Amino acid sequence: YACVVKAQEYEFPEDFQFGVATASYQIEGAWDHGGKGENIWDRMTHERSYLIEDGSNGDHACLSYYKTEEDVQLLKDLGVHFYRFSISWSRILPTGHANKINQEGIDYYNDLIDRLIAAEITPFITMFHWDLPQPLQEIGGWPNALLADIFVDYADVLYKVFGDRVKDWITFNEPAQICEQGYATADKAPAYTQEGIGGYLCAHTLLIAHGKAYRLYYQDYHEEQQGRVGITIDTGMYMPADEESPDDEEAAERTIQMYYGWHAHPIFSADGDYPQIMKDRVLAKSLEEGFPKSRLPSFTDAEIAMIRGSSDFLGLNHYTSSYCTTIPDEWVLQRPSNYADIEAWCYASPDWETSGSSWLTVYPEGLRKLLIWIKERYNNPEIIITENGFSDKDGSLNDCRRVNYFNSYLEQVLLAIHVDKVNVTRYTAWSLMDNFEWRRGYTERFGIHHVDFDDDERPRTAKMSAYVLKNIILTKKINWDYTPGGFSECDW
Ligand code: PNW
């Protein structure tokens, strides 16, 4: 409680920046308009709609492709410093390859970028937020190592056409979701189930692709454009179930190293490469299983050096936390998988508030602990929180539970900045508006603006949380007593 009182006295630093995020497939719609090619989410939702909770898709989503002016107005009304959005690869390069550029796609993003800049809102671009061009899936998708160079060709086009005005780039959004869920556990497109293998191959390609895209920027563009390139990696905070137990301590550390360090260690650690514990464990398990070598691919020394340090900031997506302990023997999977390689059991405390998403429970202190963990392990990098947010199912405008989430997580950011001296420079709320929540379709809402998906016009309406964030941006403080006009008071 003392901490909470203190947090309320702290202010966000003068140059601290706030923004909101979205992703192309989740909001744009116009899936086959404007010369756009097909991507893996189009294909999966159309051919296997049973994989989506409500059988829906992003064909129309929030119709943001047609609503640039209106969306920029929402951002202006919020007073955000930046807008994090992603580019649909197949809108720029319909086949995925850089031989044919779709000018209509370029025009769409140029218009968005220009309107943002006119409104003094910094465009913060994610190059890849999951919507891989379908033709690239047909040659294997990310587990095909050759995709790294194809991605770099795409990045080259983006720097060339938008880099005069865009200074903040994120290569990939969440390697773990793309790779483990896309190619191993089937929770994201293309929904493959190559457990213990597909995720590792995919992440290996992604890390090389990221490193090369970063090096390309510094070789050909940085001198003239003066921008920055980073990556966004997601993780929960993993904590020992029993703080006194060394076994639990190890289970938690192993989990974060093999979920988060898997992607962060090669880029942000002093030594580079995958975490030692991950290399050791996957090798041992692989040999036990009869593989001739580790299922985890290895980097050459040149690749380790190329990837190490290839990020100007550490982009962090964080939503939730869990407690970890040793997995009971009878639960250990008897087949290769990342889960079995980690061999820990992590769960949310039953005391934590739940949300509209089964995986998301509210534990604000976890964010502060995670920020400290990152600061200590990776030599105090600049951290940009690129996503943080809360879902519900009812979509209520008087969204007190979302307001509680933002207030309490932002309090922990304040404590991390002022007490722990963590270098956090930006905070991004997910999401500007309700949107297509991947396999959950439209059943879970993360927006600070409500979207009416039954109305062909997809009208947006500000929720209470939008006004509360606006007030935080304006005052640089968290005020639990603030109730915006027209809303009813929350009962804390
Ligand atoms: C993010 N987890 O993904 C994505 O970047 C967004 O596109 C998405 O809409 C948002 O979260 C809400 O789901 C994550 O289980 C999903 O830890 C789940 C987890 C992490 C990130």
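These figures come from a predicted structure and were not determined experimentally. Note that ligands are numbered from 1 as they come in the structure, with each ligand's atoms numbered from 1 the same way. Counting from 1, the numbers follow the sequence of the chain as shown.
- Close N/O approach between Y259 and ligand 1 is not found [any backbone or side-chain N/O within under 3.5 Å].
- Ring centroid separation for the pair F128 and F151 does not come in under the 6.0 Å cut-off.
- In terms of polar-atom proximity, W130 is not counted as a contact of ligand 1, lacking any N or O under 3.5 Å from an N or O of the ligand.
- Taking the six-membered ring where tryptophan is involved, the planes of H46 and W31 are perpendicular, since the angle between them exceeds 60° and thus also 30°.
- In this pair, W359 and Y319 present their aromatic rings perpendicular. The plane angle is above 60°, beyond the 30 to 60° band.
- Atom 21 (C) of ligand 1 has its closest protein heavy atom at E174 OE2, 3.2 Å.
- Among the atoms of D234, none of the N or O lies under 3.5 angstrom from an N or O of ligand 1.
- Proximity of L360 to ligand 1, defined as any heavy-atom pair under 4.0 Å, is not found for any part of the residue.
- Ring geometry for F436 versus W438: interplanar angle over 60°, hence perpendicular rather than tilted (30 to 60°).
- The shortest contact between atom 19 (C) of ligand 1 and any protein heavy atom is with Q177 NE2, 3.5 Å.
- Residues passing the side-chain contact (heavy atoms from CB on, under 4.5 Å) test with D455 are D452, E457, P459, sequence neighbours excluded.
- Nearest protein neighbour of atom 11 (O) of ligand 1, counting heavy atoms only, is Y319 OH, 3.2 Å.
- Any N or O atom pair closer than 3.5 Å counts here, and E437 shares at least one such pair with ligand 1.
- Using the six-membered ring where Trp is involved, F82 and F124 have ring planes that are perpendicular, over 60° apart on the 30 and 60° scheme.
- Counting atoms of ligand 1 from 1 in the listed order, those under 4.0 Å from a heavy atom of E387 are 1 (C), 4 (C), 5 (O), 6 (C), 10 (C), 11 (O).
- Taking the side chain as every heavy atom from C-beta outward, Y108 and I113 never approach each other to under 4.5 Å.
- Ring geometry for Y66 against H33 counts as perpendicular: the plane angle is over 60°, on a 0 to 90° scale with 30° as the lower cut.
- Scanning the protein for heavy atoms near atom 2 (N) of ligand 1, the closest one is W359 CE3, 3.6 Å.
- For R368 and D420, the salt-bridge test passes: some basic side-chain N is under 4.0 Å from an acidic carboxylate O.
- Counting the atoms of ligand 1 from 1 in the order shown, those under 4.0 Å from a heavy atom of N173 are 5 (O).
- Using a 30° and 60° split on the angle between ring planes, Y109 and F162 fall in the perpendicular class, above 60°.
- Between T320 and ligand 1, not a single N/O pair is under 3.5 Å apart.
- Residue-ligand proximity, Q26 to ligand 1, at heavy-atom distances under 4.0 Å covers atoms 6 (C), 7 (O), 9 (O).
- Contact annotation: H129 has at least one heavy atom less than 4.0 Å from an atom of ligand 1.
- Backbone and side-chain nitrogen or oxygen atoms of W438 are examined, and one is located within less than 3.5 angstrom of a nitrogen or oxygen of ligand 1.
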